[in-house]
Amino acid sequence: MKILVISDTHLKSGEIPPGLKSLIDRYEMVIHAGDFTTLECYKAFNDTGKLKSVYGNSDTYELKEILPETLQLDIEGVSVGVVHEAALSINDTTALRYKALEMGVNVLIFGHIHSPILEKTDVLVLCPGSPTSPRMSDPMAAELNIENGEVKARFIEIKGKSCGFVGFSRDLEKADN
């Protein structure tokens, strides 16, 4: 099964950006690791009929009433956990691994940090970054491909506005050349 993994969309309206919408159309499932921000945004993703999600810290009270804080899915023999906040550090993934082990999952998907992380040890931990509100990165999503108990993951760069730091760094590189 091919799954699109996203998080931290922070959209105020009920409109999914066209590039992201066309990407969603290519996948069988969409896992969103929280921070839709508004009910309208959640409904737009939910209307695709492909959504599995948790709430994030920036989601409205309404969303926190509708969505779970954690989610566990069995996908083709692979246990996948979804949370919004899984650790305080983006440099040390030890807490992420422990969260996955605590949940009893092979794969832990999380959000909150808006930057992509993919690390494979005895468990796979994955933050897709943000397709619409990135930090220290370009807009990102991730693809999770699960077949016969095997898991493959990769990042997908989304067309859109990069974080200001990334743009500034690129401008400095151009000035040096």
Side-chain angles (χ1 to χ4, degrees), residues 1-86 103 105-118 124-135 137-163:
M1 174 177 283
K2 288 177 77 170
I3 303 160
L4 180 66
V5 181
I6 58 176
S7 186
D8 298 284
T9 47
H10 291 275
L11 297 173
K12 305 283 186 240
S13 75
E15 288 190 41
I16 300 170
L20 184 54
K21 176 68 174 114
S22 66
L23 189 61
I24 288 169
D25 292 340
R26 294 187 244 159
Y27 289 87
E28 299 169 70
M29 180 187 292
V30 175
I31 295 177
H32 193 300
D35 274 2
F36 295 94
T37 306
T38 64
L39 182 61
E40 293 77 20
C41 176
Y42 164 75
K43 285 181 178 179
F45 283 99
N46 196 46
D47 285 349
T48 67
K50 301 176 180 188
L51 184 66
K52 304 290 182 194
S53 61
V54 296
Y55 69 77
N57 63 300
S58 293
D59 286 327
T60 63
Y61 177 77
E62 265 181 312
L63 287 171
K64 290 177 182 178
E65 289 290 306
I66 296 169
L67 297 171
E69 182 177 8
T70 64
L71 182 64
Q72 193 165 337
L73 306 164
D74 181 43
I75 304 171
E76 296 194 25
V78 175
S79 183
V80 177
V82 185
V83 298
H84 182 65
E85 293 181 71
M103 291 178 72
V105 297
N106 309 105
V107 176
L108 178 67
I109 294 169
F110 67 102
H112 190 59
I113 61 173
H114 296 232
S115 294
I117 291 178
L118 175 61
L124 185 139
V125 294
L126 171 65
C127 178
S130 172
T132 53
S133 184
R135 285 188 196 138
S137 71
D138 289 312
M140 291 285 181
E143 176 182 284
L144 201 58
N145 194 351
I146 301 176
E147 289 184 37
N148 303 318
E150 295 290 319
V151 180
K152 293 181 183 170
R154 70 179 183 96
F155 291 116
I156 304 165
E157 194 168 322
I158 307 289
K159 288 185 180 179
K161 187 177 178 186
S162 296
C163 149

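Computation of the quantities below employed the complete heavy-atom set of this structure, encompassing side-chain atoms and omitting hydrogens, waters and symmetry-equivalent molecules.
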**Student:** Got more than 12 heavy atoms from elsewhere within 6.0 Å of CD, Glu40?
**Tutor:** yes
**Student:** A side-chain contact here means heavy atoms from C-beta on lying under 4.5 Å apart; do Tyr42 and Asp59 qualify?
**Tutor:** no
**Student:** Drop me the distance from Arg154's CZ to Leu118's CG, to the nearest 0.5 angstrom.
**Tutor:** 12.0 Å
**Student:** Closer than 4.0 angstrom, basic N to acidic O: yes or no for Lys43 and Asp47?
**Tutor:** no
**Student:** Take atom NZ of Lys52 as the centre, draw a 6.0 Å sphere, and report whether it contains more than 12 heavy atoms from other residues, nucleotides or ligands.
**Tutor:** no
**Student:** Which heavy-atom pair separates Leu4 from Ala141 by the least distance, and what is that distance?
**Tutor:** CD1-CB, 3.9 Å
**Student:** Is the count of non-hydrogen atoms from other residues, nucleotides or ligands lying under 6.0 Å from Glu150 atom CD greater than 12?
**Tutor:** no
**Student:** Between Ser13 and Thr38, what is the shortest heavy-atom contact and its length?
**Tutor:** O-OG1, 4.2 Å
**Student:** Is there side-chain contact between Leu67 and Ser53, with at least one heavy-atom pair below 4.5 Å?
**Tutor:** yes
**Student:** Rounded at 0.5 Å granularity, tell me how far CG in Leu20 sits from CD1 in Ile156.
**Tutor:** 10.0 Å
**Student:** Please determine whether the number of non-hydrogen atoms from other residues, nucleotides or ligands lying under 6.0 Å from atom CD of Glu76 exceeds 12.
**Tutor:** yes
**Student:** Taking all non-hydrogen atoms of both residues into account, name the closest pair between Gly34 and Ser7 and its distance.
**Tutor:** O-OG, 3.4 Å
**Student:** For residues Glu157 and Met140, determine if any side-chain heavy atom of one lies less than 4.5 Å from a side-chain heavy atom of the other.
**Tutor:** yes
**Student:** Leu11 versus Thr37: any side-chain heavy-atom pair under 4.5 Å?
**Tutor:** no
**Student:** What I'd like to find out is whether the side chain of Val54 reaches to under 4.5 Å of the side chain of Val83, using heavy atoms alone.
**Tutor:** no
**Student:** State, to 0.1 Å, how close Leu71 and Pro68 come at their nearest heavy-atom pair, and which atoms those are.
**Tutor:** CD1-CG, 4.4 Å
**Student:** With no hydrogens and no angle check, do the side chains of Ser130 and His10 hold a donor and an acceptor under 3.5 Å apart?
**Tutor:** no
**Student:** If you compare all heavy atoms of His84 against all heavy atoms of Asp35, which two are closest, and at what distance to 0.1 Å?
**Tutor:** NE2-OD2, 3.2 Å
**Student:** Check Val105, Ile146, Asp74 against Val80 for a side-chain contact (heavy atoms from CB on, under 4.5 Å) and give me the one that passes.
**Tutor:** Ile146
**Student:** For the CD1 atom of Ile75 and the CD atom of Gln72, what is their distance to the nearest 0.5 Å?
**Tutor:** 10.5 Å
**Student:** Within this structure, what is the CD1-CD1 distance for the pair Ile158 and Ile6, rounded to the nearest 0.5 Å?
**Tutor:** 8.5 Å
**Student:** Check Phe155 against Cys127 and note the closest heavy-atom contact, atom names and distance.
**Tutor:** CE2-O, 3.5 Å
**Student:** Which residue is it: Leu126, Val107, Ile109? I am looking for the one with a side-chain contact (heavy atoms from CB on, under 4.5 Å) to Ile31.
**Tutor:** Ile109
**Student:** Taking His114 for the side chain and Ser133 for the main chain, is one N or O donor matched with an acceptor at less than 3.5 Å?
**Tutor:** yes
**Student:** Below 4.5 Å, heavy atoms only, C-beta onward: do Phe36 and Asn46 meet side chain to side chain?
**Tutor:** no
**Student:** Taking Tyr27 as the fixed residue, which of Lys2, Lys50, Glu143 is the one that meets the side-chain hydrogen bond (donor to acceptor under 3.5 Å, both in side chains) rule?
**Tutor:** Glu143
